[in-house]
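Protein chains get the first letters and strands the later ones, always in sequence-line order, with residue 1 at the start of each. As a basis for the values below, the full set of heavy atoms in this structure was taken, side chains included, without hydrogen atoms, waters or symmetry mates.
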Number of protein chains: 2
Amino acid sequence: MIADMDQEMKILSREILLSLWKIHILHHAGEGPVVGMWMLKELRGHGYDLSPGTLYPLLQRMERNGWLRSEADPSRGPRSIKKYYLTPKGREVLEFLRERVKTLWEEMG
Amino acid sequence: MIADMDQEMKILSREILLSLWKIHILHHAGEGPVVGMWMLKELRGHGYDLSPGTLYPLLQRMERNGWLRSEADPSRGPRSIKKYYLTPKGREVLEFLRERVKTLWEEMG
DNA sequence: GTTTTCGATTATGATTGCCGATATGGACCA
DNA sequence: TGGTCCATATCGGCAATCATAATCGAAAAC
């Protein structure tokens with residue numbers, strides 16, 4: 001395996017893994033609601049601890065790009081739980097990414 | 001397909017695609033020498049135009065991380081062509097990434 | 001019924017990465 | 001000697017990442 005996992009993993013995460021998780025998030029949002037904190041926990045469960053300061057802006061950016069839309073109960077204040085869903089445009093992006101991942105995977109075979 | 005391809009693609013590239021190309025570069029370096037300019041051309045051939053200001057620092061970073069090592073003919077001055085090769089540590093990283101890509105691909109079915 | 005804890009998002013400040021453009025430099029040719 | 005390739009290096013501005021702290025409503029505990 002990879003030695004000095006912690007420091008190595010941090011470098012690898014920032015350099016590459018985070019983007020794979022972004023794809024995972026899009027995929028996930030296509031199958032059910034995505035909630036920031038739930039994702040943080042899920043990824044932690046997979047041994048990957050993402051900072052909230054990375055994840056939340058990322059979700060906001062994806063919404064701004066039109067890949068996700070969010071629903072929040074406004075009666076629960078400005079920090080209510082927010083559920084993110086994949087938009088049609090997000091689905092196109094995901095389909096495009098799916099092809100890329102397929103190509104990459106076949107190449108690495 | 002994706003509308004307003006140029007702007008959309010720039011966003012998508014920065015957000016996600018670049019990391020997939022990084023994996024591609026590592027894989028490539030495992031099969032033969034990688035040279036910055038050659039990569040720029042190859043990727044341009046695939047419709048992805050990466051900035052030299054992105055690629056060259058990226059290769060340097062991968063070398064600094066111990067994933068790649070470079071060979072340059074010193075008699076050809078400081079801007080000689082540099083050939084990058086995958087190191088054993090880089091091979092471990094690549095193998096790790098291969099598993100991640102596999103998982104992601106299977107998940108996306 | 002007040003105080004604590006919990007689930008969740010948002011804000012902040014430092015560091016790092018990305019990008020377009022420009023600079024540098026050797027080799028080959030005329 | 002000058003020009004054109006082939007290549008890498010670097011710069012300044014902007015955007016993303018990170019660890020951490022702040023905020024907020026609801027539920028639990030006392």
Side-chain angles (χ1 to χ4, degrees), chain A residues 6-23 25-26 29 33-45 48-65 67-84, chain B residues 6-23 25 29 33-45 48-65 67-85:
Chain A
D6 295 344
Q7 184 55 18
E8 295 293 338
M9 271 299 277
K10 265 180 205 164
I11 292 172
L12 184 54
S13 292
R14 184 167 189 156
E15 192 75 66
I16 297 177
L17 293 181
L18 176 57
S19 286
L20 300 185
W21 289 119
K22 288 177 186 174
I23 299 175
I25 287 170
L26 286 172
V34 161
V35 173
M37 174 127 309
W38 302 357
M39 267 297 144
L40 288 176
K41 283 180 185 159
E42 190 202 323
L43 299 187
R44 225 174 283 131
Y48 180 68
D49 68 328
L50 183 55
S51 163
T54 299
L55 181 63
Y56 286 102
L58 191 166
L59 290 171
Q60 291 164 0
R61 218 160 51 238
M62 285 185 173
E63 182 170 29
R64 204 179 66 214
N65 293 339
W67 304 348
L68 300 179
R69 72 188 161 77
S70 70
E71 288 178 2
D73 184 346
S75 75
R76 299 210 176 178
R79 300 198 182 202
S80 150
I81 185 173
K82 259 186 190 164
K83 296 184 179 174
Y84 286 91
Chain B
D6 294 345
Q7 186 54 19
E8 294 294 337
M9 270 300 277
K10 263 179 208 167
I11 293 172
L12 184 55
S13 292
R14 186 167 188 157
E15 192 74 67
I16 297 176
L17 294 181
L18 177 56
S19 287
L20 299 186
W21 289 119
K22 288 176 186 174
I23 299 175
I25 287 170
V34 161
V35 173
M37 174 128 308
W38 302 357
M39 266 297 143
L40 288 176
K41 283 180 184 158
E42 190 202 323
L43 299 189
R44 223 175 286 130
Y48 181 67
D49 69 327
L50 183 55
S51 164
T54 299
L55 182 63
Y56 287 104
L58 190 166
L59 290 171
Q60 291 165 1
R61 218 159 50 239
M62 285 185 173
E63 183 170 29
R64 204 179 67 214
N65 293 339
W67 304 347
L68 300 179
R69 71 187 162 77
S70 71
E71 286 179 3
D73 184 344
S75 75
R76 300 211 176 175
R79 303 207 176 194
S80 149
I81 185 173
K82 256 186 193 167
K83 295 184 179 175
Y84 286 92
Y85 300 90

- Ignoring hydrogens and angles, answer whether the base of D/dA26 and the side-chain atoms of A/Arg79 contain a donor-acceptor pair closer than 3.5 Å. no
- Those residues at least two apart in sequence (or on a different chain) that pass side chain to side chain contact (heavy atoms under 4.5 Å, CB included) with A/Ser51 are A/Thr54
- Give a yes/no answer on whether the side chain of B/Trp38 brings an N or O atom under 4.0 Å of OP1 or OP2 in D/dA7. yes
- Reported CG-to-CG distance for the pair B/Leu40 and B/Asp49, which is rounded to 0.5 angstrom: 9.5 Å
- Message: Taking 4.0 Å as the cut-off, does a side-chain nitrogen or oxygen of B/Tyr56 come that near to OP1 or OP2 on D/dT8?
- Response: yes
- Message: Looking at A/Ser19 and B/Leu17, would you say the former's side chain and the latter's main chain have a donor-acceptor pair under 3.5 Å?
- Response: no
- Do you know which of B/Lys83, B/Glu63, B/Gln60 makes side-chain hydrogen bond (donor to acceptor under 3.5 Å, both in side chains) with B/Ser70? B/Glu63
- Counting just side-chain N and O atoms, does A/Lys41 come under 4.0 Å of either OP1 or OP2 of C/dG7? no
- Hey, what do you get for CG (B/Leu18) to CD1 (A/Ile16), rounding to the nearest 0.5 Å? 9.0 Å
- Item | Nearest-Å distance for atom pair CG/P, residues A/Leu40 and D/dT20 | 15 Å
Anything under 3.5 Å between a protein N or O and an N or O of nucleotides 18-21 of chain C, put it in a table, one pair a line.
unit_1	atom_1	unit_2	atom_2	d
C/dC18	OP1	B/Lys22	NZ	2.9
C/dC18	OP2	B/Arg61	NH1	3.4
C/dC18	OP2	B/Arg61	NH2	2.6
C/dC19	OP2	B/Thr54	OG1	2.6
C/dC19	O5'	B/Thr54	OG1	3.4
C/dG20	N7	B/Ser51	OG	2.7

- Return the 5'-most residue of the pair B/Pro78, A/Ile81 with respect to DNA chain C, ranking by each residue's nearest nucleotide. A/Ile81
- Message: Does D/dT8 have its OP1 or OP2 closer than 4.0 Å to a side-chain nitrogen or oxygen of B/Gln60?
- Response: no
